[in-house]
Number of protein chains: 2
Amino acid sequence: MVDAIPPRSEVLGCPVRGRGTTLRSACATCAGHPTSRQECFGPRTPLFLEGAAASHVVAVVSGCLREVRTTPDGRAQAVRLVKAGELAGTEALVGRPYDSTLESLTRVRVCVVPAPEVLAHLDRYPEAWRALHRDACGALQAVRETVLRIGLQSAEDRIFALFEELGSDVPRGRWFQLPLNRIEIGELLSLAHATVSRTIGRLVERGLIQVRGRKIRLLDRRD
Amino acid sequence: MVDAIPPRSEVLGCPVRGRGTTLRSACATCAGHPTSRQECFGPRTPLFLEGAAASHVVAVVSGCLREVRTTPDGRAQAVRLVKAGELAGTEALVGRPYDSTLESLTRVRVCVVPAPEVLAHLDRYPEAWRALHRDACGALQAVRETVLRIGLQSAEDRIFALFEELGSDVPRGRWFQLPLNRIEIGELLSLAHATVSRTIGRLVERGLIQVRGRKIRLLDRRD
DNA sequence: CGCTTATTTGATCTTGATCAATGGTAGTGG
DNA sequence: CCACTACCATTGATCAAGATCAAATAAGCG
């Protein structure tokens, strides 16, 4: 679904492949190493906040995050998942404030680059704009998908579709790990957590999935 | 909210201001005039269809359109409104099929340009990429707003927020024309048309708006 | 005027929200 | 090892917001 991550980010102009020995695996507290901007964050860490002045662009090397918005009364609505190879916070490139909060779901490795550096790179290598626009189209498509789900699918359909998306890179029938708990699934699909739980139970009863804690398996039964 | 339309589209590299005497106001059937790509379409006309190979980018000169997706069982979900100065179908620039159907709501004047020409223009004037990305960010923000609305606002809030958006460029208290009928409002906000009608009635009762047919007026009453 | 389409309104039903309690599991420290 | 805590998941009972189905007006428009 998503192109493989290039060894060097086309858009950011910085190394983005996580395995190289020269790359620093800095953790939350030790940002700003001059030779590499790769950083790691634990799960449930906000990387930037909605409404804040946008200064950096984030490229995901590994792990899974979400874009989420919060209402004054404390309810949250997740807008899309951001996965390896994708960008977030590109509002920074056009001088807008961040539109939504970016928050890690799993442990993540990301590349955080100041907007002026990204722009300088784009100036030097105009081909990079194309990759940026490809990413923007992908993001747009993902958010449209979110609209479709919460707009006209039933709770059961939404949850099953989400599981299919989350498991799209593992072979059908193989167990995999959900990066979200029930509450976060609810915030993404606009369902109460109790409804999520009940609905998952119904999917299990109907033989469409199997669940063990946060591990899950999609079965082949067509209905 | 949206930048004024430049006399010549930064992104498309073609004249985009509608009033010039040299511009042709072609109508649906007479596309393809070589000296100008400006065209007019009546209301409720699809300009491109979701899933089709994307060949052209559309810039809106005047009028209002919507991006909409349809399910196999015939229900529709609108994803965002597209207004003057905005683009649609930029998937064409990265070789993806159209992600959603673009359909006029009012009579519209648009600039329809083949993707290769847009790309050629972007090659010549790399600054245009920045304008394209600004547009993409705006589109993303609009779709996120749609998610927020249908995700966690009540029917009343959704409808009132939509009316505020539609009336954002007329002074508060002035009458203006809704470009959508009740069914289309429902498709945008994920509500049944009967609910839309009832809810509008409730807003009128509460003194928040006045309605005469498809003309509407937002009152200042705070609640 | 008569036709079509849009809107309003009513009656009833469903889905999922909400509130609240219970059970599980992992981690921590004595 | 166990008690204690914190978080997560499940389950039950009840309720309300909208959906759905159906019919009656109203509004355009040839």
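Nothing here was measured: the structure is a model prediction, and the numbers come from that model. Residue numbers begin at 1 in each chain, while the letters A, B, ... track the order of the sequences.
- When rounded to the nearest whole Å, the span between CD1 of I200(A) and P of dC8(D) equals 14 Å.
- For the pair R44(A) CZ and dC8(D) C1', the computed distance is 11 Å after rounding to whole Å.
- The CD atom of Q153(B) sits 16 Å away from the C1' atom of dG18(D) (whole-angstrom rounding).
- Scanning residues 179-192 of chain B for heavy-atom distances under 4.0 Å to DNA chain D yields S190(B), L191(B), A192(B).
- For dT20(D), the base has a donor-acceptor partner in the side chain of R198(B) [N/O atoms by modelled type, under 3.5 angstrom].
- Checking dA9(D), dC19(C), dT20(D) against the side-chain heavy atoms of T195(B) singles out dT20(D) as nearest.
- Nucleic acid contact for T199(B): none, since no nucleic acid atom lies under 4.0 Å from a heavy atom of the residue.
- A donor-acceptor pair under 3.5 Å is formed between the side chain of T106(B) and the backbone N or O of C64(B).
- Remark: P of dG23(C) and NE2 of H193(A) are 16 Å apart, rounded to the nearest angstrom.
- Rounded to an integer number of Å, the gap from D157(A) CG to dT15(C) P is 12 Å.
- The distance between atom CG of L178(A) and atom P of dC8(D), rounded to the nearest whole Å, is 14 Å.
- As rounded to whole Å, 15 Å separates atom C1' of dA27(D) from atom CZ of R212(B).
- One side chain, Q77(A) or S190(A), offers a donor N or O that lies under 3.5 Å from an acceptor on the other.
- Contact between the side-chain N/O atoms of R214(A) and the OP1/OP2 oxygens of dA9(D) is found at a separation under 4.0 Å.
- Distance I150(A) CD1 to dG18(D) C1': 16 Å, rounded to the nearest Å.
- The nearest pair of heavy atoms linking G138(A) to R96(B) is CA-NH1, 3.5 Å.
- Under the rule for a salt bridge (charged side-chain N to carboxylate O under 4.0 Å, His left out), E91(A) has no partner lying at least two apart in sequence or in another chain.
- If you check the side chains of Q177(A) and R214(A), you find no donor sitting under 3.5 Å from an acceptor.
- Considering only residues two or more places apart in sequence or on other chains, F163(A) meets the ring pair (Phe, Tyr, Trp, His ring centres under 6.0 Å) condition with none of them.
- T146(B) places a side-chain N or O within 3.5 Å of a backbone atom of V79(B) that can act as its donor or acceptor partner.
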